[in-house]
Amino acid sequence: MTTTTAIDQALAHAHQRFADSNPVSRRQFDAQARYMPGANSRSVLYYAPFPLTIARGEGAVLWDADGHRYADFIAEYTAGVYGHSAPEIREAVLEAMQGGINLTGHNLLEGRLARLICERFPQVEQLRFTNSGTEANLMALTAALHFTGRRKIVVFSGGYHGGVLGFGTKPLPTTVPFDFLVLPYNDAQTAREQIEKHGPEIAAVLAEPMQGASGCIPGRPDFLQALRESATQVGALLVFDEVMTSRLAPHGLANALGIRSDLTTLGKYIGGGMSFGAFGGRADVMAQFDPRTGALSHSGTFNNNVMTMAAGYAGLTKLFPPEAAGALSARGEAMRARLDALCAQAGVALQFTGLGSLMNAHFVKGEVLRSEDLAGVDGRLRQLLFFHLLEQGIYASPRGFVVLSLPVADADIDRFVAAIGSFIGAHRALLPGTD
Ligand code: PLP
């Protein structure tokens, strides 16, 4: 039997076992598909043969609709850093709700969260809230277009900045029709040359300091620094999308690298698990949105909703102050080192890229610098790994994304490492080798 047939067979068996043990999730999926295409409202959550319905969560534990229990190693794609039941978050939300929902006005909670965020991320001199990271990026780009009076936006292949801002080597079909120039990630020389070439047209250079959705590919410091220098040289604004990476160091990843962006976008965990986004940065750029004097309006019914404003403040002050961000990153680094050592020792081409509490499994050898380096990976192996982890009671992402949240216990991490060991043991013959 060829390796490829053996992988198909292993996957078919995994699908069968999964379907057999999840009848309630299957029924839920089939019923839901009547009203939502593919039963789905968020594409990343779909996988074949059908996705699990998660019924309940507590701390870093999830239960699916059929009653199976999982250690949660995806944590709402990084928004769930506090886990599922932190009393501090619950109490903050309840207290806010007791004061009334939807108050149609400036409220008592938004200013203190704005101040906290600006003090934590010093490049953010002023900010505005949105409902999602997607909106935050749309608004940051709009701010840059108007501030510079230019039209072109430099982005990077594999970049993901939201549901309408995704990129392969070209913008995805669902991406807003701005004038994008897509350049290879982590290629400082090409970035310098192209930014210089198109200089007078470029409004913004938008990058993730570590690409998240593409598979936790850290930006090389020389590349990110080149973006800073080139943007300054041509009068474009550097926008760092720190929706995922702001958790990776006490004051965000860009700050740890010593690179100051003009605008920064934030999202995910900062809203304490409620819908959240924010864009901010240089006060002269943000002044465009000052309703007293600025030319731009920015609306959003729920931008300052009390639940997010309360949960965000409670989370950042009580559970995830700057020191906690540093400590969680250190736990993640230690876990990733164990995983990589295990794979190297086993001689299989499996590695975990990433930084701190965010990492991604890749079935490839050699350094991963950009999403193109992953083009040859057999996606079926990622699926096999996903189903293997589920069978070991571990919920991660089908794309190999692994996320630590605060309540993840050391024993959970040990279990995860052991599960990678048993995966390699069970499927060694199907995995590519290191030589
Ligand atoms: N930017 C990055 C780097 C992200 O990872 C995401 C979401 O995964 C977004 C923006 C979009 O945020 P949201 O899903 O809140 O719209």
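Order of appearance sets the numbers: ligands from 1, and atoms from 1 within every ligand. Small disclaimer: the values here were computed from a predicted structure and weren't measured.
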*Asks:* Who passes side chain to side chain donor-acceptor pair (under 3.5 Å) against Arg128, sequence neighbours left out?
*Replies:* His298
*Asks:* Which atom names give the shortest non-hydrogen contact between Phe363 and Arg382, and what distance separates them?
*Replies:* CE1-N, 3.7 Å
*Asks:* Please indicate whether any nitrogen or oxygen in Gly133 is less than 3.5 Å from any nitrogen or oxygen in ligand 1.
*Replies:* yes
*Asks:* I'd like to check which ligand 1 atoms, numbered from 1 as shown, lie under 4.0 Å from a non-hydrogen atom of Glu208.
*Replies:* 3 (C)
*Asks:* Taking only heavy atoms of Val243 into account, list the atoms of ligand 1 that are under 4.0 Å away from them.
*Replies:* 1 (N), 2 (C), 4 (C), 6 (C), 9 (C), 10 (C)
*Asks:* Identify, for atom 5 (O) of ligand 1, the protein heavy atom at the shortest distance, and state residue, atom and that distance.
*Replies:* Met244 CE, 3.3 Å
*Asks:* Any idea which atoms of ligand 1 are less than 4.0 Å away from a heavy-atom of Asn137?
*Replies:* 1 (N), 10 (C)
*Asks:* Any nitrogen or oxygen of Lys268, main chain or side chain, under 3.5 Å from a nitrogen or oxygen of ligand 1?
*Replies:* yes
*Asks:* Would you please determine whether Tyr160 falls within less than 4.0 Å of ligand 1 on a heavy-atom basis?
*Replies:* yes
*Asks:* Applying ring pair (Phe, Tyr, Trp, His ring centres under 6.0 Å), run through Phe167 and Phe180 and close with a yes or a no.
*Replies:* CA-CA 10 Å; Phe167 302 89; Phe180 291 114; 4.8 Å; yes
*Asks:* Please check if atom CD in Gln189 has more than 12 non-hydrogen atoms from other residues, nucleotides or ligands closer than 6.0 Å.
*Replies:* no
*Asks:* Counting the benzene-type ring for Trp, do Phe276 and Tyr269 have ring centres under 6.0 Å apart?
*Replies:* no
*Asks:* Run down the list Asn131, Thr134, Asp241 and name the one with the heavy atom closest to atom 1 (N) of ligand 1.
*Replies:* Asp241
*Asks:* Are any of the side-chain heavy atoms of Glu208 and Phe240 separated by less than 4.5 Å?
*Replies:* no
*Asks:* Tell me whether Glu76 is salt-bridged to Arg42, with the criterion being a basic N under 4.0 Å from an acidic carboxylate O.
*Replies:* yes
*Asks:* For Ser132, take its heavy atoms, then give the atoms of ligand 1 lying under 4.0 Å from any of them.
*Replies:* 15 (O), 16 (O)
